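Okay, so here's the structure we're looking at.
The shown structure was predicted, so the numbers you read here are calculated from the model rather than taken from an experiment.
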Protein chains: 2
Amino acid sequence: MGRKRTKSGKIRLAEVAELAGVSPITASRFFRNPEALSVAKRTRVESAARELGYVPNLAARALASQRTEVIGVLIPSLTNNVFSDVLRGIYDASEGSRYSIQLSNTRYSILQEEKLLRLFLAQKPAGLIVTGIDQTTESRTMLEAADCPIMQIMEIGPNPIDMMIGFSHYDAARAAIAHLFDQGHRRIGFVGARMDPRVQRRLDGYGAAMKEAGLHDQRLIVTTATPTSVTLGGALFADLLAREPDIDAVFCANDDLALGVLFECRRRDIAVPDQIAIVGFNDLEFMASAVPTLTSVRTNRYEMGSTAAAMLIEAIEGKRPEQPVLDLGFTVIERQSSQTQRQAASPRSPEWAPAVQNDSVTNDP
Amino acid sequence: MGRKRTKSGKIRLAEVAELAGVSPITASRFFRNPEALSVAKRTRVESAARELGYVPNLAARALASQRTEVIGVLIPSLTNNVFSDVLRGIYDASEGSRYSIQLSNTRYSILQEEKLLRLFLAQKPAGLIVTGIDQTTESRTMLEAADCPIMQIMEIGPNPIDMMIGFSHYDAARAAIAHLFDQGHRRIGFVGARMDPRVQRRLDGYGAAMKEAGLHDQRLIVTTATPTSVTLGGALFADLLAREPDIDAVFCANDDLALGVLFECRRRDIAVPDQIAIVGFNDLEFMASAVPTLTSVRTNRYEMGSTAAAMLIEAIEGKRPEQPVLDLGFTVIERQSSQTQRQAASPRSPEWAPAVQNDSVTNDP
DNA sequence: AGGAACGTTGACAGCGCTACCAGCAACGAC
DNA sequence: GTCGTTGCTGGTAGCGCTGTCAACGTTCCT
C-alpha cells in the first residue's frame, strides 16, 4: 500500500521520519530539542521536513504532551490606547517564540476576569498575563494554584502572585503634583474617569500630596465611572470650574481627559498655562504636539508588554528571573501646559516649532 | 481499580458519561449537538457534567475532529485606533460563540501577511478574517484554496475571495471633497501618511474629484510612508504650506493628521475654518470635541468588526449569507472646521458648547 | 580489559475526543 | 404483516504526537 498519508493529505511526522530514515520519535525530538540529536540526523530530519513542507499538528502535540503553547492575556479594554501599546509589546515579544497569544477582554470587570480565567486555566496555558493586582479572591486562588507562570502587569504592589511588572501609579501621581507645586500651583483640581483601580491609586497619590501640603480639598476632585473620552474631559472640567472657579491647575487621570480640558479652556478663552496649568497621564503621542504642548507622565507601556512576555516565556522555559517584580518607573515630561510664565519666557523650544520633548523628573528605579 | 482518572486529575468525557449512565459518544454529542439527544439523556448528561465540573479538552477535540474552533484575524496594526475599534467588534461578536480569536499583526506588510497566513492555514482554522483586498497572489491562492470561510474587511472591491465587508474609501474621499467644494473651497490640499492601500484609494478619490473640477494640482499633495501621528500631521502641513501658501482647505487621510494640522494652524495663527478648512477621516471621538470641532468622515468600524465576525461564524456553521459582500457606507460629519462664514454665522451649536455632531451627506447603501 | 558514564536512539502505549457506521426501537405506509 | 423510515444510541478505531524507559554504541577511567 506504500506509505500511509493522513486523510487530509497533510504531511505527518511519520512521513518526515521515514524520508529521513529515522524513527518518528527522533524526528519529534528534532522539533522540540534539536541539540539532543547527532548533527547527522539533525540535518537529515531538517532537510526531510523542508522537502515535504512539514508543519507540526499543534492539537496532537498539545494532546500528547498535556500542555499547550498558548499564553493567555487578560486586559480590561481593547480600545484604550494604553493597552494597545502594551499589547503590541506582548505580541512583538511572542513573535518568533513558539508561543501564541490568546487575548481576552475583561471590560474592567473582575468578575468577567474570573470567568475568563476559569476558561483559560481549563486549557492549561503555558503562561498567563493578567492586568493589575485587584483580582477577586477566587481568581487569586485559581492563579496561585495554576501550574504555569503568571505575570501581573500595569502596576506593582505587594504580594505578587508570581511575577509582576509595572510602576507605582501612586508615586507617579505624586510626582506630577510635586511638579505642579514646583511651578507654584496650589489649587490643583483632579479630573478622573472610569476610576479603575489604577486611576484610583493615582487619585490616592494626588490626595496624599495635597494633604501633605495642607491643600487638600474634596471639592477639587471630579470623577465619574463613565468610560474616558476627550469630550468627557471637557465636561468634567466644566463641572470642576463651575464648582471651584479659582483653581490654577488640573491633574488629569489620563491624556484624553487632558486634551478635553485643553479644548474646554480654549472654548472659554482660559489661557494655558497662565490661568490654568494642565497635566495629563501616559504621555500619548499627541501631547507633545498640542498647543500649548501638554505636560504628562510618561509610562513605559510598550516595554511593559514586551518585557512581560519575554520574562514569562523565560519562566515557562524554566529560567525564572532572579527578580520577579520589576518596576519600570515613569517620567514626568514637563511641557508648556504646566510651566509658569518665568520659565516659559525662555522656552526650550520656540512656540511655533514642532513640539520637542524635554524629559525631567525621571523615576527610573 | 475503580474508574480511571486522567493523569492530571481532570475530569474526562468518559467520567461524565459513566455518571450519566450513557456511552461516551452520547455524552460527546451532548456538547456538540444537544438536539440529537432525547430529552431524558440530555438532562442526565447535563447534570453529570455540571456535577463533575467537566471542561472539554479542546486539543483532543481538535485532533479527533480534524478542525479547530479558532478564527484567525490578520490586521496591519495593533495600535491604530481604527483597528482597535474593529477588533473590539470582532471580539464582542465572538464572545458567547464557541470560537476563539487568534490575532496577528501584519505590520502593513503583505509579505508578512502571507507568512502568517501560511502559519494560520496550517492549523486549519474554522474561519479567517483578513484586512483589505491587496493580498499577494500567493496569499490569494492559499485563501481561495482554504477549506474555511474567509472574510475580507475594511474595504470593498471587486472579486471577493469569499465574503467581504467594508466601504469604498474612494467614494468616501470624494464625498469629503464634494463637501469642501460645497463650502466654496478650491485649493484643497491632501495630507497623507503611511500610504497603505486604503489611504492610497482615498488619495485616488481626492484626485478624481479635483480633476473633475479642473482643480487638480500635484503640488497640493503631501504624503509620506512614515507611520501616521499627530505630530506628523503638523509637519506635513508645514511642508504643504511652505510649497503652496494659498491653499484654502486640507483633506487629511486620517484624524490624527487632522488634529496635527489644527495644532499647526493654531501655532501659526491661521484661522480655522476662515483661512483654512480642515477635514479628517474616521471620525474618532476627539474630532467632535476639538476647537473648532473637526469635520470628518465617519466609518462604522465597530459594526464592521462585529458584523464580520457574526457573518463568518454563520458561514462556518453552514448558513452562508445570501449577500456575501456588505457595504457599510460612511457619513461625512460636517463640523465647524469646514463650514464657511455664512453658515458659521448661524451655528447649529454655539461655539463654546460641548461639541454636538450634526450628521449629513450620509451614504448608507 | 572491564565497567561506568554518557550521548543517542527507538518501541510502546497512550493523550481525550470524535468520525463512521451499525444497531435497535418505534412508527407509519402499503 | 412486511418493509422502509426516522430517531436515537453505542462500538470500534483512530486523529498525530510525545512521555517513559530501555537499549545501544562509544568513550573514558581505573
Side-chain angles (χ1 to χ4, degrees), chain A residues 1 3-45 48-49 52-69 98 122-124 126 147, chain B residues 1 3-45 48-49 52-69 98 122-124 126 147:
Chain A
M1 286 296 183
R3 81 177 54 158
K4 287 184 298 185
R5 265 288 161 76
T6 175
K7 211 179 294 177
S8 56
K10 289 205 71 67
I11 307 298
R12 284 173 310 172
L13 190 56
E15 271 97 301
V16 176
E18 189 179 335
L19 180 61
V22 300
S23 72
I25 189 63
T26 300
S28 167
R29 262 191 283 264
F30 168 76
F31 292 100
R32 290 173 295 144
N33 185 18
E35 286 75 35
L37 298 201
S38 63
V39 180
K41 305 229 165 177
R42 201 184 307 174
T43 50
R44 292 238 300 282
V45 175
L52 296 172
Y54 171 71
V55 180
N57 179 322
L58 264 34
R61 180 179 285 179
L63 181 59
S65 67
Q66 295 283 59
R67 57 199 159 72
T68 62
E69 286 167 350
R98 62 201 304 161
Q123 298 309 323
K124 305 194 200 199
D147 64 345
Chain B
M1 289 297 184
R3 80 177 54 160
K4 286 183 298 183
R5 264 288 162 77
T6 174
K7 210 180 295 178
S8 57
K10 288 204 71 70
I11 307 297
R12 284 173 309 174
L13 190 55
E15 270 99 300
V16 177
E18 189 179 335
L19 180 62
V22 301
S23 71
I25 189 64
T26 300
S28 167
R29 261 190 284 263
F30 168 76
F31 293 100
R32 290 173 296 143
N33 185 17
E35 287 75 34
L37 297 202
S38 63
V39 180
K41 305 228 165 180
R42 201 185 307 173
T43 51
R44 291 238 301 280
V45 176
L52 296 172
Y54 171 71
V55 181
N57 180 321
L58 263 36
R61 180 179 285 179
L63 180 60
S65 68
Q66 297 281 58
R67 57 199 158 72
T68 62
E69 286 167 350
R98 62 199 304 161
Q123 299 307 326
K124 306 193 197 198
D147 64 345

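A 6.0 Å sphere centred on CG of B:Asn33 holds more than 12 heavy atoms belonging to other residues, nucleotides or ligands. Few gaps surround CZ on A:Arg42; more than 12 heavy atoms of other groups in view lie less than 6.0 Å from it.
The two atoms that bring A:Leu63 and B:Asn57 nearest to each other are CD1-ND2, 4.2 Å, heavy atoms only. Here the closest heavy-atom approach between residue A:Gly21 and residue A:Arg44 is recorded as O-NH2, 3.6 Å. Closest of all the heavy-atom pairs between B:Ala59 and A:Ala62 is CB-CB, 3.6 Å. For the pair A:Leu13 and A:Tyr54, the tightest heavy-atom approach, listed with the atom from each and the gap, is N-CE1, 3.4 Å.
Rounded to a whole Å, the CG atom of A:Leu13 is 14 Å from the P atom of C:dA11. Separating the CD1 atom of B:Ile11 from the P atom of C:dC15 is a distance of 15 Å, rounded to the nearest angstrom. The CG atom of B:Leu58 sits 18 Å away from the P atom of C:dC15 (whole-angstrom rounding). Rounded to whole Å, the distance from CZ on B:Arg98 to C1' on C:dT18 is 12 Å. Rounded to whole Å, atom P of C:dC20 lies 10 Å from atom CD of B:Gln66. The CG-P distance, from A:Leu63 to D:dG14, rounds to 17 Å in whole Å. Across the protein-nucleic acid pair, A:Lys124 atom NZ and D:dT18 atom C1' stand 14 Å apart, rounded to whole Å. Counting to the nearest Å, the P atom of D:dC17 and the CZ atom of A:Arg61 are 8 Å from each other.
With a 4.5 Å cut-off on side-chain heavy atoms, A:Val55 and B:Gln123 count as touching. Looking only at side-chain heavy atoms (C-beta outward), A:Phe30 and A:Val16 stay at 4.5 Å or farther from each other. No side-chain heavy atom of A:Asp147 sits under 4.5 Å from any side-chain heavy atom of A:Lys124.
Contact annotation: B:Ser23 side-chain N/O to D:dG10 OP1/OP2 distance is under 4.0 Å. Within the 4.0 Å cut-off from OP1 or OP2 of D:dG19, at least one side-chain nitrogen or oxygen of A:Arg67 is found.
For residues 24-41 of chain B, proximity to DNA chain D is found at B:Ile25, B:Thr26, B:Arg29, B:Ala36, B:Leu37, B:Ser38, B:Lys41, defined as any non-hydrogen atom under 4.0 angstrom from a strand atom.
Pairing analysis of DNA chain C (Watson-Crick: purine N1 to pyrimidine N3 plus N6-O4 or O6-N4; G-U wobble: N1-O2 and O6-N3; both under 3.5 Å) yields stems of 3 or more pairs at C:1-30 with D:1-30.
Across C:dC17, D:dC17, D:dG10, the shortest atom-to-atom separation from the side chain of A:Tyr54 is found for D:dC17.
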